Number of protein chains: 2
Amino acid sequence: MFCATDTVRPDCRHCIVRHISLCSHTSTRERAELQALSKRRRFDRSQVIYNQDDPVDNVFVITRGMVKLYRDAPNGKRQITGFLGSGDILGSIKYRAGAHCTAESITELDVCAFQKELFSEFLQDHSALCFAMLVMAMDEIEAQYDHSILLGRKLAPERLAAFLLLLSRRWKRDDEDPDLVYTLMPRNDIADHLGVTSETISRTFTRFKAEALIRTLDNKSVLLKNVPRLQQLAGFEEMPSHRMSIGL
Amino acid sequence: MFCATDTVRPDCRHCIVRHISLCSHTSTRERAELQALSKRRRFDRSQVIYNQDDPVDNVFVITRGMVKLYRDAPNGKRQITGFLGSGDILGSIKYRAGAHCTAESITELDVCAFQKELFSEFLQDHSALCFAMLVMAMDEIEAQYDHSILLGRKLAPERLAAFLLLLSRRWKRDDEDPDLVYTLMPRNDIADHLGVTSETISRTFTRFKAEALIRTLDNKSVLLKNVPRLQQLAGFEEMPSHRMSIGL
DNA sequence: CGGGATGTTGAGGCAAGTCAATCTAAGTGG
DNA sequence: CCACTTAGATTGACTTGCCTCAACATCCCG
């Protein structure tokens, strides 16, 4: 089932997500126990980690790279429900349930893989961690509410502005211009996430460039030139805050 | 802050949601502890339980009636993120965070109210319950994914068909025709949930009636006359399953 | 019975979809 | 190193599903 190109023991002590993600809610001792349960895996770009409706018996913590989650409707249309990156959690803890979405890497990807049953047991034995995960899940519900507002009530330019601002607060590296956004995904994926066509994304990018709201360096990165106007478009009173995600 | 018209001690032993909802995951002893933490409250129809961005220090279990959750965008548009009924949980467990949505009753409403801090502590002391809540939260994330697909990728008739089928699986009474759906909410609320206008809902209802897919008894209840065709429209392979919701 | 809230229907406009042509970037192999 | 290929992005012309605005109908509750 997995297309992992590599499988090694992780070393949590040097893991880049140990201070974020779920791991930050564990004691040193707990982290050692978790480490014993986990395997590191690596995926190439554009590999399917699991397919919608497939049984999946792993939960993943993403340590590097990015994943898209999507469902293909019977009518052939695709909705990308979210993108996950470093520190985010991928996979349901529910036993013997088919995956709700397809998960596919959009970059080279490193994950920390737990067997679902063991991970669930661990959660049930460590209520503080379970509670932390519950808080994360509730954050994710709120994020999905925001996305419903975007899909249900915003026009294409408003959607793209909101998306760019959200991206600008995620997966940010300290040493870089805070208004430089690496989208990593192609136009088509942005479109499938925002509920429009790639042509509309393309036209909206062109409009934004004409209005000097953004400048594109290449097709995978954008420089935000007028954040206040973008916020106004997006309907954000202030800059959106970043939080870890759970994806199912 | 509350507009409760009544506040009495609950009696969990006779509560109609004791076998569903979170309570079904508790032992008799735990339920007794929880009961000591809870107060029963009653709200009239169309009362705001809490407003978006307000601090809320309660978590509610709905025992009777229905609630709508919505956010009003700066541009005046409204998106209803969900409806909650008997057995569903209302409210975030996060401390000192403003409510993400406005919660408003659409029928007379009975709830079981817990002080947020006490409820959170209880969860952290009872990992089985915390885990059950986590599973519910993940179910809710999946439900929100489905709604994103609806909002992002479905046409108005497909949205309405999906909505009617979902309703037909929720809050069902055993003694009634399984294809008789009580919507309870006005056209405008359906529209704000499905990301269209009330006019479009009205036209689509008319079309469905003309095509003999449904029959309306009054403006608050619908009889499904052709479930297979509705499923096909909705893009459901099979009848959607019902599960408890968490609303924030 | 009356009047406000809610629902229905119609006409016209517009944002975004569809289809198709072109342009660009990134490989690939001779 | 350059022609060739291919996937992705852009742009334009046309179509369409839904919104907007407005008139009218109906329901409901005092």
Side-chain angles (χ1 to χ4, degrees), chain A residues 44-46 68 73 75-80 104 106-107 150-164 182-211 214-222 233 235, chain B residues 44-46 68 73 75-80 104 106-108 150-164 182-211 214-222 233:
Chain A
D44 287 334
R45 195 172 161 283
S46 297
K68 65 180 170 192
N75 60 8
K77 300 195 168 182
R78 171 173 295 185
Q79 178 67 39
I80 293 181
E104 186 181 322
I106 61 174
T107 65
L150 182 148
L151 293 172
R153 292 299 181 213
K154 288 191 162 92
L155 302 177
E158 302 169 340
R159 295 183 196 200
L160 186 56
F163 180 68
L164 291 174
Y182 293 103
T183 61
L184 299 185
M185 72 287 291
R187 297 282 185 269
N188 217 309
D189 283 355
I190 299 175
D192 284 340
H193 185 49
L194 301 185
V196 293
T197 60
S198 63
E199 290 94 329
T200 297
I201 294 297
S202 205
R203 284 184 240 272
T204 309
F205 264 118
T206 308
R207 242 189 75 186
F208 280 5
K209 281 184 274 190
E211 293 168 10
I214 61 167
R215 202 151 58 82
T216 54
L217 309 177
D218 58 57
N219 275 331
K220 294 281 187 292
S221 56
V222 180
L233 260 178
Chain B
D44 287 334
R45 195 173 164 283
S46 297
K68 65 180 173 192
N75 59 9
K77 298 194 170 185
R78 171 173 296 184
Q79 178 67 38
I80 293 181
E104 186 180 323
I106 61 174
T107 64
E108 194 177 77
L150 182 149
L151 293 172
R153 291 301 182 211
K154 288 190 162 93
L155 304 176
E158 303 169 339
R159 296 182 195 201
L160 185 56
F163 180 67
L164 291 175
Y182 293 102
T183 61
L184 299 184
M185 71 286 291
R187 296 283 185 267
N188 216 306
D189 283 355
I190 299 176
D192 284 340
H193 185 49
L194 301 184
V196 292
T197 59
S198 63
E199 291 94 327
T200 296
I201 294 297
S202 204
R203 284 184 241 272
T204 309
F205 264 118
T206 308
R207 241 188 77 186
F208 280 5
K209 281 184 274 190
E211 293 169 10
I214 61 167
R215 204 151 57 82
T216 53
L217 309 176
D218 58 59
N219 275 330
K220 294 279 187 293
S221 56
V222 180
L233 259 179

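All values derive from a computational prediction rather than experimental measurement. Each chain gets a letter, A, B and so on, in the order its sequence line appears, and its residues count up from 1.
- The nearest whole Å value for the distance from the CD atom in E199(A) to the C1' atom in dA15(C) is 14 Å.
- The shortest side-chain heavy-atom distance between I214(B) and K209(B) falls under the 4.5 Å cut-off.
- In this structure, V222(B) and F205(B) have side chains that are in contact, with non-hydrogen atoms separated by less than 4.5 Å.
- In this structure, N219(B) places its CG atom 11 Å from P of dT9(C), rounding to the nearest Å.
- T206(B) comes within 4.0 angstrom of the backbone, heavy atoms only, and of no base.
- Nearest nucleotide to the A156(B) side chain, out of dT20(D), dC18(D), dT11(D): dC18(D).
- The phosphate of dG7(C) has neither OP1 nor OP2 within less than 4.0 Å of any side-chain N or O from S202(B).
- Checking the phosphate oxygens (OP1, OP2) of dA15(C), no side-chain nitrogen or oxygen of T200(A) falls inside 4.0 Å.
- The CD1-P distance, from I201(B) to dG17(D), rounds to 16 Å in whole Å.
- Atoms CD and CG, on E199(B) and N188(B) in that order, are 8.5 Å from each other to the nearest 0.5 Å.
- Nearest nucleotide to the P157(B) side chain, out of dT8(C), dC18(D), dG8(D): dC18(D).
- Atom pair D189(B):CG and dT6(C):P shows a separation of 9 Å (rounding to whole Å applied).
- For L155(B) and dC19(D), the CG to P distance is 11 Å, given to the nearest whole Å.
- Between the CZ atom of R45(A) and the C1' atom of dA7(D) there is a distance of 11 Å, rounded to whole Å.
- Following rounding to the nearest Å, F205(B) (CZ) and dT26(D) (P) show an atom-to-atom distance of 18 Å.
- The minimum heavy-atom distance between R159(B) and K154(B), with the atom names listed, is NE-O, 2.7 Å.
- Checking K154(A) against M185(B), the closest nucleotide of DNA chain C that is more toward the 5' end is the one next to M185(B).
- If you check distances only, the side chain of R203(B) never reaches the base of dG17(D) with a donor-acceptor pair under 3.5 Å.
- Rounded to an integer number of Å, the gap from CG of D218(B) to P of dC28(D) is 7 Å.
- The R187(B) side chain lies nearest to dT8(C) when the options are dT8(C), dA16(C), dC18(D).
- The CG atom of D189(A) sits 8.0 Å away from the CD atom of E104(A) when rounded to the nearest 0.5 Å.
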